[in-house]
*Asks:* 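Sending over a structure as structure tokens; questions will come in a sec.
Just so it is clear: chains get the letters A, B, ... in the order the sequence lines come, proteins before strands, and each one is counted from 1.
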Protein chains: 2
Amino acid sequence: MQIKHYSHQNRMLVAIDCIIFGFDGLHLRLLLIKRGFEPEKGRWSLMGGFVHADESFDNAAARILKQLTSLDNVYLEQLYAFGNPHRDPVERTASITYFSLIDINQYEKQISHEYHAEWFHLKKIPSLIFDHKEMIKMAKGKLRYKAAFHPVLFELLPNKFTLPQMQNLYEDVYESVIDKRNFSRKILSTGLLIKQNHKDRESSKKGAYYYKLDKRKYMRNFNAFLNFIPNHKI
Amino acid sequence: MQIKHYSHQNRMLVAIDCIIFGFDGLHLRLLLIKRGFEPEKGRWSLMGGFVHADESFDNAAARILKQLTSLDNVYLEQLYAFGNPHRDPVERTASITYFSLIDINQYEKQISHEYHAEWFHLKKIPSLIFDHKEMIKMAKGKLRYKAAFHPVLFELLPNKFTLPQMQNLYEDVYESVIDKRNFSRKILSTGLLIKQNHKDRESSKKGAYYYKLDKRKYMRNFNAFLNFIPNHKI
DNA sequence: TCAAAAGTGTTGTCCTTACACCCATGT
DNA sequence: ACATGGGTGTAAGGACAACACTTTTGA
């Protein structure tokens, strides 16, 4: 006998919420939108949406991210499934959260104004709906954890970037000060950076050399362990 | 206006599946059951069940684990949400997987025969339903990742254990051979072990000293980074 | 007395850290 | 000329990895 349904079981809505990080050259930032429907319409929220009937979670997350940013092929990784029965007061809704790292400059080119999105400094996150604050906290933890061993923060950097910019990024992620001599030695020792022969002349008088990521090596070595952060705690 | 439902959205079943690891003193093992209902009745499967209407995912996982093992307070951590639309052929069912580490001796005392459960050696996993093989693969990866930096494998060990037993466990998890001198130095340097003054005389002639875990230090230091495995790859 | 597993120490290498000065440029 | 941030080298200490012999005891 062919079974058609699991009877008497509870079905629920499943949504995706995206925790979207960006980096503006000085600080790590988080992209939030103004919620466009009830309840809580008009309050700040993570970008999200319901999973469609014939869509995997990964596809739903990519679709939702693209809706907001118009970007394809960005770094997107499942973070955690939030399933508290009353997290959405309207109706039981599970949220599968995804963690995204995007190049803020790519975003700026493609910006959609439909969602009233803004980049927030991580120290200045406004009040958010539901359990979104908890989601962000977990995403920050995961970013630290991952970046301590994998070169994942390159996903946040533009095509060309300088070592001082990179150091700003690491210092912001770990909320700590890093010695620039040790930092540059460690980063360069990965062999992932290709020095360019021109400088960024905007952020200092002397100018800092641009580097590009060696994409081939990056792909190959992504899962190798690195150890970027001295004395890091999670 | 009070909203009662999100209209026109797709609702789905949400299930929990538990990847349950144990350690018998020599080898890492995985607990599987014989599925008790259609479809795929009688085939090997992870222990699972549907999330009830008013139950969080964590609570559902703990309930389902207890159903099989009769154990409370075991190590249980969310692993990943599997959401492929056709992963269950009957009806769309998301699976939130949980990763569990239990002391196999506790389990043996409490065994429930209702599910025809068996412990499988990780090299000899039988054919499994749906995407359960993929779940196990991910769980193995996470176990390695986590155990490389956190003392989580203690969850698999009985109250009293010997260093050779512990080393067997680490060697099994990482499928590699570890130098016992370096291993004991590293493990003991954590300060987490309390040497007992009697020996296990069963597994060797000379006998190996028992140790107990210093639970207080274990709790306090769980999130500190360790580095147990030389040259480990994920 | 022999076999089998437990237990223990040393050394060289490499990685990590701490630290200070010179350079290039715009104002 | 000076202030600002960029770029580089060295030395000391600690962690890690490689390695071999002695001990205990049951058979």
Side-chain angles (χ1 to χ4, degrees), chain A residues 25-27 147-149 151 157 160-172 174 176-212 221 224-233, chain B residues 25-27 147-149 151 157 160-172 174 176-212 221 224-233:
Chain A
L26 282 173
H27 291 293
F149 303 109
L157 292 166
K160 293 189 306 186
F161 51 86
T162 66
L163 285 184
Q165 277 170 13
M166 255 190 102
Q167 184 166 343
N168 285 340
L169 173 54
Y170 274 88
E171 291 186 338
D172 228 38
Y174 291 98
S176 62
V177 178
I178 302 174
D179 181 277
K180 64 179 173 180
R181 291 159 290 189
N182 294 335
F183 182 78
S184 82
R185 191 176 326 113
K186 193 173 274 186
I187 292 290
L188 293 174
S189 77
T190 62
L192 291 174
L193 296 193
I194 304 166
K195 190 172 187 169
Q196 306 302 110
N197 50 23
H198 55 297
K199 288 180 167 186
D200 164 32
R201 304 216 159 266
E202 299 204 347
S203 46
S204 76
K205 292 167 185 168
K206 183 175 178 181
Y209 279 106
Y210 278 118
Y211 287 83
K212 285 189 175 183
N221 294 335
F225 273 101
L226 301 172
N227 199 352
F228 286 137
I229 306 306
N231 304 319
H232 63 277
K233 309 278 175 278
Chain B
L26 281 174
H27 290 293
F149 303 109
L157 291 166
K160 293 189 306 186
F161 51 85
T162 66
L163 286 184
Q165 277 170 14
M166 255 190 101
Q167 185 167 342
N168 285 340
L169 174 54
Y170 275 88
E171 291 186 339
D172 229 38
Y174 291 97
S176 63
V177 178
I178 303 174
D179 181 276
K180 64 180 172 178
R181 292 160 288 189
N182 294 335
F183 182 77
S184 82
R185 190 178 325 112
K186 194 173 272 188
I187 292 289
L188 293 174
S189 77
T190 62
L192 291 173
L193 295 193
I194 304 166
K195 190 173 189 170
Q196 307 302 108
N197 49 23
H198 54 296
K199 288 180 166 186
D200 164 30
R201 304 215 157 266
E202 299 203 348
S203 46
S204 78
K205 292 167 184 167
K206 183 174 177 181
Y209 279 105
Y210 279 118
Y211 287 82
K212 286 188 173 182
N221 295 336
F225 273 102
L226 302 172
N227 199 351
F228 286 138
I229 307 307
N231 303 320
H232 64 278
K233 310 275 176 278

*Asks:* In whole angstrom, what separates Y209(A)'s OH from dG7(D)'s P?
*Replies:* 8 Å
*Asks:* Can you tell me if R201(A) touches the phosphate of dT25(C), counting only side-chain N or O atoms and a distance under 4.0 Å to OP1 or OP2?
*Replies:* yes
*Asks:* Between the base of dG6(D) and the side chain of K180(A), is there a donor-acceptor distance below 3.5 Å?
*Replies:* yes
*Asks:* Only one of Q165(B), H198(B), Q196(B) passes side-chain hydrogen bond (donor to acceptor under 3.5 Å, both in side chains) with K160(B); say which it is.
*Replies:* H198(B)
*Asks:* Ignoring the backbone of R185(B), work out which of dA17(D), dT17(C), dA3(D) is nearest its side chain.
*Replies:* dA17(D)
*Asks:* Between K186(B) (NZ) and dG9(C) (C1'), how many Å, whole number?
*Replies:* 17 Å
*Asks:* In whole Å, what is the span from the CG atom of L163(B) to the P atom of dT8(C)?
*Replies:* 9 Å
*Asks:* Between dA17(D), dG7(D), dG7(C), which nucleotide gets closest to the side-chain atoms of P164(A)?
*Replies:* dG7(D)
*Asks:* Check every atom of dG7(D), dA5(C), dT4(D) against the side chain of K206(A) and return the nucleotide holding the closest atom.
*Replies:* dG7(D)
*Asks:* Start with the C-alpha gap between E171(B) and V177(B), add the side-chain angles, then the distance that decides, and say whether side-chain contact (heavy atoms from CB on, under 4.5 Å) holds.
*Replies:* CA-CA 6 Å; E171(B) 291 186 339; V177(B) 178; 4.0 Å; yes
*Asks:* Output the rounded distance in Å from CZ (F183(A)) to C1' (dC19(C)).
*Replies:* 18 Å
*Asks:* I need the CG-C1' distance between N182(B) and dT11(C), as an integer number of Å.
*Replies:* 12 Å
*Asks:* Out of dT17(C), dG26(D), dG5(D), which has the shortest distance to the side chain of S204(A)?
*Replies:* dG5(D)
*Asks:* Quick one: Y210(B) OH to dA6(C) C1', roughly how many Å, whole number?
*Replies:* 14 Å
*Asks:* Using atom NZ of K199(B) as one end and atom C1' of dT24(D) as the other, report the distance to the nearest whole Å.
*Replies:* 6 Å
*Asks:* Would you mind reporting whether L163(A) and L193(A) have side-chain heavy atoms less than 4.5 Å apart?
*Replies:* yes
*Asks:* Would you say the side chain of R181(A) and the base of dT16(C) hold a donor-acceptor pair, judged only by whether the two atoms sit under 3.5 Å apart?
*Replies:* no
*Asks:* Just how far, in rounded Å, is C1' of dG9(C) from CG of D179(B)?
*Replies:* 12 Å
*Asks:* Flag the pair N221(A) / T190(A) as yes when at least one side-chain heavy-atom distance between them is below 4.5 Å, and no otherwise.
*Replies:* no
*Asks:* Just verifying a value: how many Å separate Y209(B) OH and N197(B) CG, rounded to the nearest 0.5 Å?
*Replies:* 8.0 Å
